[in-house]
Q: 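Would you mind keeping the following structure in view while I ask a few things?
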Amino acid sequence: MNLIALPVLLPLLAASLLLLVKTPRARRVLAFAASLLTLSVSVLIALRTFSGEVLVVQMAGWSAPWGISLVADRLTGILLLLSGIVGLLSSAFMGSSLRHAPRHGASAALNLERERLGAQALLQFLVMGVNMAFLTGDLFNLFVAFEVMLISSYGLMLLGNELAQLREGFKYVVVNLLASALFVMSAGFAYGLFGTLNMADIALRVAAHGPDGRITLVAGLLALVFAVKAALFPLGFWLPNSYPAPAAAASAFFAALLTKVGVYSLIRAFTLMFPQEAGLQSLLLALAGLSVLFGSLGMIALQRWRHAFAFANIASIGYLAMGAFSGSAAGLGAGLYYLIHSVLVIFALFLVAALAEKIAGEMYRDEGHLALYPWLGVAYFALALAVVGLPPTSGFIGKYSVLAALLAEPTPLRTAVAACAVLGSLLLLYGAMQIWRGFFWGESDAVHRVRLPTGMRLCTAVAVGLVVALALWSGPVYALASRTALDLQGNRAYTEAVLPSAPPPQEPRAP
């Protein structure tokens, strides 16, 4: 069972060693090797959890709920696998990109300084925090994981000292510090009410106690914290300008996984601890619909590569939350499938954006690049279809399944959210074609060829290939997502694995 501690310990060890290594080449090799080893461990954990096993380790031998529990079920296995894949590709992409200028018209000295000041080490610390958030079994250590993740992201956000980084980094730090303070307060209220912070133990106590306004208050506070992390509308105002600020590889990792940690926390909270809070889940469903519209309109409004894709990421979070909080196992399964799709396609889009920025800068208004970069045009076109949700892509499968779940038992709210989903897809289609027309289409007489680093091109090709593979193998992946959704309905296996000899649950205490 100690296997499940390795996705946290390996990045921690690698990051510590990277701070001591002096040569850039040695740092690149060490970071790639550590990421490959972390992915290998994540694959082993995922294979065991996909068979239905729930892996638990009680740190230092202290039994739950008194000790620190690390838990891996199917949901954790899926996310650890995605984290390992994205972490490996991010490490390889960073190793290649930091040897060159970050974008057209910029100096290579900026990225060289980022490499010298520990960008690779910070990325490993970030992977450690993300994996710890997926594995932890109690609220306090979820807070610790958030802080490890956020401190690393602060460093990556500000590394390079550009004006945009300082401006957006300040906003990013302030928003997340306020959210962290609210998280600590919420955890304190939870401990005062339940006498425990172990999530499985809280689930048992809530189930035994029944409806209580105090429980709803704690659940609402936690929902607010996690919705900020997930960037649901209107709490995601900080994301569109913040995520494009750091180096390209860090930006892609942020977009692919950091918001998904917030969504994962929401799913875990409302399937494990507070499944009876239907009102809060309906509110989250409404915010999901608004997030889709906000993200889709933002993608149309901006003419910068990564800024436009940051808005597309918000829309993607909205579609994921629609499925997760649709109120049915079918909807949750569709949402989990869309989660896998969202991680892969948003990550690949940000890598494509990094290549395009090296060719022509941050804006996509210089047309005619398709003739000189046909492979980049094909990659973008495939990803654009997936983001919009047109057949035969994985985005179509995910969006169709989410809509089917929403309309299976229609209510005014579900119908309105489904309408937002359809309208959002039409807006995303317009935004995607706007980028195609502005950058790839048209005459190429004034376009000059730029030599793109081989490592960056290979990583992008692999990322696009994973999106295509998800559509080709959608049947087994969707079946896995559906089984995971059924596991989350009640979480009996989870609670029994964490608390095998749990005493009868006690009622919450008054604060």
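Small disclaimer: the values here were computed from a predicted structure and weren't measured. For this chain, numbers begin at 1 and follow the sequence in order.
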Q: Does the side chain of Met132 come within less than 4.5 Å of Val144's, by heavy atoms?
A: yes
Q: Going from CE on Met456 to CZ on Phe93, what distance comes out if it is rounded to the nearest 0.5 angstrom?
A: 3.5 Å
Q: Output the distance between atom OG (Ser40) and atom CG (Leu88), rounded to the nearest 0.5 Å.
A: 8.5 Å
Q: Does Arg25 have any salt bridge (charged side-chain N to carboxylate O under 4.0 Å, His left out) partners at least two apart in sequence or in another chain, and if so, which?
A: none
Q: Looking at residues at least two apart in the chain, or sitting in another chain, which of them share a side-chain hydrogen bond (donor to acceptor under 3.5 Å, both in side chains) with Thr454?
A: Arg457
Q: Going by the rule side-chain hydrogen bond (donor to acceptor under 3.5 Å, both in side chains), which residues pair with Thr495 if we only count those two or more places apart in sequence or in a different chain?
A: none
Q: Going through the distances and angles, do Ile340 and Leu470 end up as a side-chain contact (heavy atoms from CB on, under 4.5 Å)?
A: CA-CA 9 Å; Ile340 300 169; Leu470 179 60; 4.1 Å; yes
Q: For Leu81 and Ala46, which heavy atoms make the closest approach, and how far apart are they?
A: CB-CB, 4.4 Å
Q: For side-chain contact (heavy atoms from CB on, under 4.5 Å), just list the numbers for Val292 and Leu428, CA-CA rounded to whole Å, side-chain angles, deciding distance to a tenth of an Å, and then say yes or no.
A: CA-CA 9 Å; Val292 167; Leu428 287 172; 5.9 Å; no
Q: Let me confirm one number: the CG-OH distance from Leu75 to Tyr264, rounded to the nearest 0.5 Å.
A: 5.5 Å
Q: Of all the heavy-atom pairs spanning Arg27 and Lys22, show the shortest one and how long it is.
A: NH1-O, 3.1 Å
Q: List for me each residue that meets side-chain hydrogen bond (donor to acceptor under 3.5 Å, both in side chains) alongside Ser401, sequence neighbours excluded, and say none if there are none.
A: Tyr478
Q: Could you go through the side-chain contact (heavy atoms from CB on, under 4.5 Å) check for Trp238 and Val228 one step at a time?
A: CA-CA 9 Å; Trp238 53 270; Val228 171; 4.2 Å; yes
Q: Is the count of non-hydrogen atoms from other residues, nucleotides or ligands lying under 6.0 Å from Met59 atom CE greater than 12?
A: no
Q: Applying ring-ring contact (aromatic ring centres under 6.0 Å, His included), can you list everything that pairs with Phe233, at least two apart in sequence or on another chain?
A: Phe294
Q: Nearest 0.5 Å, please: how far is CD in Gln120 from CZ in Phe125?
A: 13.0 Å
Q: Could you give all pairs that pass the side chain to side chain donor-acceptor pair (under 3.5 Å) test and reach residues 121-142, with sequence neighbours left out?
A: Ser35-Gln124, Ser83-Asn131, Asp138-Asn141
Q: Within the supplied structure, the quantity of interest is the number of heavy atoms (other residues, nucleotides, ligands) at a distance under 6.0 Å from Trp62 CH2; does it exceed 12?
A: no
Q: Considering residues at least two apart in sequence or located in another chain, which fulfil the ring-ring contact (aromatic ring centres under 6.0 Å, His included) criterion with Phe50?
A: none
Q: Quick one, Leu150 and Lys229 - any side-chain contact, counting heavy atoms below 4.5 Å?
A: yes
Q: Do we see a donor-acceptor contact under 3.5 Å between the side chains of Gln489 and Thr271?
A: no
Q: What heavy-atom pair brings Leu351 and Cys459 nearest, and what distance separates the two atoms?
A: CD1-O, 4.0 Å
Q: For Phe254, enumerate each residue passing the ring-ring contact (aromatic ring centres under 6.0 Å, His included) test, keeping only those at least two apart in sequence or located in another chain.
A: Tyr243
Q: If I take atom CD1 from residue Ile85 and atom OG1 from residue Thr38, how far apart are they, to the nearest 0.5 angstrom?
A: 13.0 Å
Q: Tell me, please, which residues at least two apart from Phe143 pass ring-ring contact (aromatic ring centres under 6.0 Å, His included).
A: Phe183
Q: Per the salt bridge (charged side-chain N to carboxylate O under 4.0 Å, His left out) rule, what does the pair list look like for residues 480-489, sequence neighbours excluded?
A: Arg74-Asp487
Q: Between the side chains of Ser291 and Tyr319, is a donor N or O closer than 3.5 angstrom to an acceptor N or O?
A: no
Q: What pairs meet the salt bridge (charged side-chain N to carboxylate O under 4.0 Å, His left out) rule with one or both residues in residues 246-275, with sequence neighbours excluded?
A: Asp73-Arg268
Q: State, to 0.1 Å, how close Ile4 and Ala72 come at their nearest heavy-atom pair, and which atoms those are.
A: CG2-CB, 4.1 Å
Q: Using side-chain contact (heavy atoms from CB on, under 4.5 Å), reason through Leu344 and Leu82 one step at a time and then give a plain yes or no.
A: CA-CA 8 Å; Leu344 296 178; Leu82 291 171; 4.2 Å; yes
Q: What is the distance from atom CG of Asn491 to atom CG of Leu272, rounded to the nearest 0.5 Å?
A: 4.5 Å
Q: Considering residues at least two apart in sequence or located in another chain, which fulfil the side-chain hydrogen bond (donor to acceptor under 3.5 Å, both in side chains) criterion with Lys399?
A: Ser425
Q: Would you mind reporting whether Phe347 and Ser90 have side-chain heavy atoms less than 4.5 Å apart?
A: yes
